[in-house]
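Everything below concerns the one structure shown next.
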Amino acid sequence: MSFLHPVWLWLLPLAFLPLILSLVQRLNPVREEFPSNQILKKILHRQSLIHRNGLMIHEILKVLLLVLLVLAAAVPFLKSNVSRVVVVDPTLSMTRFAVKKELKKRLGNQECRFYLGSSPVKWSDNWDFTRFYAQHFNASAVLQSILQRYTHSKILFVTDGQKQHFHKALNVSTNRIEMLVLTTNLTNATLMDFQIEPHAVIVGESFNLSVHVRNANGLPLKIQINGRPLFSRIIRHSVEHFDFSLDEAGIYRFDAQILGDEWKADNIRTAFAVVVLRPSVATSHGLAMFHKMLESVLVSPLPRASVENANIRIIGSDDAPGVLQINSLHNDVQDGLNEQISLNLIVSEESGSFTRLMHSVTGVFPQYAPQVIVGQPKSVFPVLNHFKEVKWSVLYRKMPGEVLLSIRGVPVLTKFRGMFWLNVDFSRFRWKQNVLAYLLLHEWFRSSVWQERVMSENDFEGQDFLNVDGEMMNPDMNVGRRVYRESEKGRFLVHNVPLQESGDCYSADWLLKWSGGTLYKEDGKTRNKPYFFNRTLIVLMFILLLLEAWVRKWFSFPSHL
Amino acid sequence: MIYLEQEAVNAVRTLKFPLDAALLEGGSLSDRVIGSNMEFESYAPYVPGSDPRALDWKVLARSGRKVTKLYGSDLRSSVEVYLDTSRSMDYKTKSAVVRKLAAFILYFLSRHHRVKFFWINESFHDEGWVRSDQIETLMQKVRFGGTFKLPVLRPQRKTTRFLITDFWETNESLSLLLQNRFRIFHVLTPQEIDFNLKGYVNLIDSENGSRIQLSVAYYRELYAKEFESWQSDLQTLFFEKGLWYGLIRTDRSYYTEVIRLLKQGGGK
């Protein structure tokens, strides 16, 4: 069994503290002379053995409850059994290669699960690529869904890089996806790709390395392979190609460095865009907090880019200008002016216009993982500071709408515009009720009430795609990387995988585990997905709570115990 | 004076009724055997709780003073005050309080009555007739320890008997106490009433040495309930026999408690 947040387990000894203290007290009772034990004897004589040890039973129940709570916070799960998944690019261009031979040579007798595009296939001698090649294949969509399905497996993506599949695959995850590029002479590797992803190559094949630079005035570029200089050249065009070959097979790391003081916003693409909604939030203090926060949690894909390179947009409080500016940002992206937006952080006050704006953003930029934080200006920043320590999370607070569940008069779950909103009010913290409610709702959100599926390009052919507000959305952009959940009233984006990973940023792995639509077995033998125990733990906790209440009543415990 | 406190004496002087008469009267109303001896013997001041039928209306009309007629059966030949000096009575401030209480009662009774004082633990100490100037010396002689053992007493119709006790280990002598028509001052510390100790304790019974380990927090409410029922049973038992019974807490002023109980009708 593994734990998603093992750091919580450090609290386990604390759970035993009340019991240990009670035992220590029992072992070293205070000796005291009392006039008469007559009344106490009478009480004890009437009590059964269980009654006499009621206090200890109660202590044990409390400890069990705390232990379960700590375990639930640590999120225990059983790992998937599949160690490696091989995804083969099924497009027509792949017919040029002896894929099967290549895979056999590289994989040997490893236990693998094979996918030809999005279709699972069995490895057999009859397996013939030429029969299954699909006309359409979106690497991002397929890899996204496979990442979700096999949360602890390495994924080997076999491609020739046509239709920028190489690039798209890299954008899904750079941690668990390994690349086997079967041809290189036609691959358009971008500068960024080479910096980040080492990949396997075939000996003697020539590489065609494309470098994209927006400024064509001439920039000196130095490329290194595994620390050894490859070449250094002045780039005068926006896209230049360099041919070279590698004389041995292996993993290579390409590093590109543009020399001089050219790391300006004019020369490079922005690392990420931050969309700040509502001017009342974007005060000088607010922005300063943002910068500080971004520096600590975000890591740019470009080596020297920092928060100064962030494209921070402040969007008006009114619906219409907000939507217009989001659309303008979208147009920039389409024009290639803002291609590398890796994360949108939306901060807003709660308001009726918020949902509309949020859907505009998620509709227009579904490929970027928007982390949504809603709150009052006064409360949002301390909350952000808190979450900075424990990774980002989605926090909804005090949203209007139909109250579905309230605890002690505080609405916990509301339904608004077809969406469910979880309200966490830290000022009214009642540990037992709130933690349990939070865990329960967290589990509920992950449960099968929401049907999760991966959209592919085909889903949009010949039909308009509408968001929950009935607005038309543009299906052209990289739709495969969107993961949708269906509710009764419509679809909306729930989560996405961020482009880049590092210790400080969400890793795709973490996000998927966190949002994890998991919990099913594909067949009896192999568990493809991890099994989370949280629901079991929560049920146990409720049983224990009931038991504790019953014990309290049965033993007639005084109210302060 | 160490035991007889001036404040206590002053408090009694402000009363509108004589304390000794109230003490004797308080528990004796139902004790009267009607018609046994209706011969007039003397007058006594009228105190609240006295039988209004005994009020001498002629004296009232003549002089405006309220006096009651005392008949043969109302007069006691003597008063006996017994003090339980077992080890349990030496718990915290209890021994100091009971000495003061005994001194207080002896002082007011001995002024108009013949009073004998006894202190009892395992042995029976008869201090004989008490004079008010002897009270301090008597109280200094009293020693606490051992258990309470009430000897067989000769029934004396004309003697009123008081016992100052905490009633622990006295349960066995209960029938004897009732039979000898004892009036009870039940003196207890707050710890004994409310069980307000702390933590996990090993309680050693001060008289028989038996031990009990328990968590006070858990047993406090149970103890309080059990104590209330025990004390209420005792009270009912004495009242049914027409005997005076008063519970006195050591954390309150003993003489105020006695006066309060008398004003309420002799502890009833």
### Message
Quick check: closest heavy atoms across B:S206 and A:P35, and the distance to 0.1 Å?
### Response
OG-O, 2.8 Å
### Query
Is the number of heavy atoms from other residues, nucleotides or ligands within 6.0 Å of NZ (A:K41) greater than 12?
yes
### Query
Counting heavy-atom pairs under 4.5 Å to chain A, which of B:N202, B:T189, B:L188 comes out on top?
B:N202
### Message
Between B:F195 and A:L40, is there a side-chain heavy-atom distance shorter than 4.5 Å?
### Response
yes
### Task
Report the distance from atom OG of B:S229 to atom CD1 of A:I39, rounding to the nearest 0.5 Å.
8.5 Å
### Task
With a 4.5 angstrom heavy-atom cut-off, could you sort out which part of A:I43 is near chain B: side chain, backbone, both or neither?
side chain
### Query
When you look at NZ of B:K116, are more than 12 heavy atoms from neighbouring residues, nucleotides or ligands closer to it than 6.0 Å?
yes
#### Entry: Engaged part of B:L197 at the chain A interface, taking heavy atoms whose separation is under 4.5 Å
side chain
### Summary
When every non-hydrogen atom of B:Q191 is compared with those of A:F34, the smallest separation belongs to O-CZ, 3.8 Å
### Task
Select all residues of residues 11-26 of chain A having any heavy atom within less than 4.5 Å of some heavy atom of chain B, and report them by number, or 'none'.
A:Q25, A:R26
### Task
Determine whether more than 12 heavy atoms belonging to other residues, nucleotides or ligands lie under 6.0 Å from atom CD of B:E228.
no
### Query
At a heavy-atom separation under 4.5 Å, does B:R87 approach chain A through its side chain, its backbone, both, or neither?
side chain
### Query
When rounded to the nearest 0.5 angstrom, what distance separates CG in B:L203 from CD in A:E33?
10.5 Å
### Message
Could you work out, with ring pair (Phe, Tyr, Trp, His ring centres under 6.0 Å) as the rule, every residue matching B:Y200, not counting sequence neighbours?
### Response
none
### Message
Taking salt bridge (charged side-chain N to carboxylate O under 4.0 Å, His left out) as the cut-off, I'd like each qualifying pair that reaches into residues 189-208 of chain B, sequence neighbours left out, listed once.
### Response
B:K94-B:E192, B:D194-B:R249
#### Entry: Neighbourhood of chain A inside residues 117-126 of chain B, taking heavy atoms under 4.5 Å as contact
none
### Message
Quick check on B:N208 against chain A: is it the side chain, the backbone, both or neither that has a heavy atom closer than 4.5 Å?
### Response
side chain
### Message
For the CG atom of B:L222 and the CG atom of A:L44, what is their distance to the nearest 0.5 Å?
### Response
9.5 Å
### Leading residue by heavy atom contact count with chain A [cutoff under 4.5 Å; candidates B:D90, B:V201, B:I204]
B:I204
#### Entry: Side-chain heavy-atom pair A:H58, B:Y218 within 4.5 angstrom cut-off
no
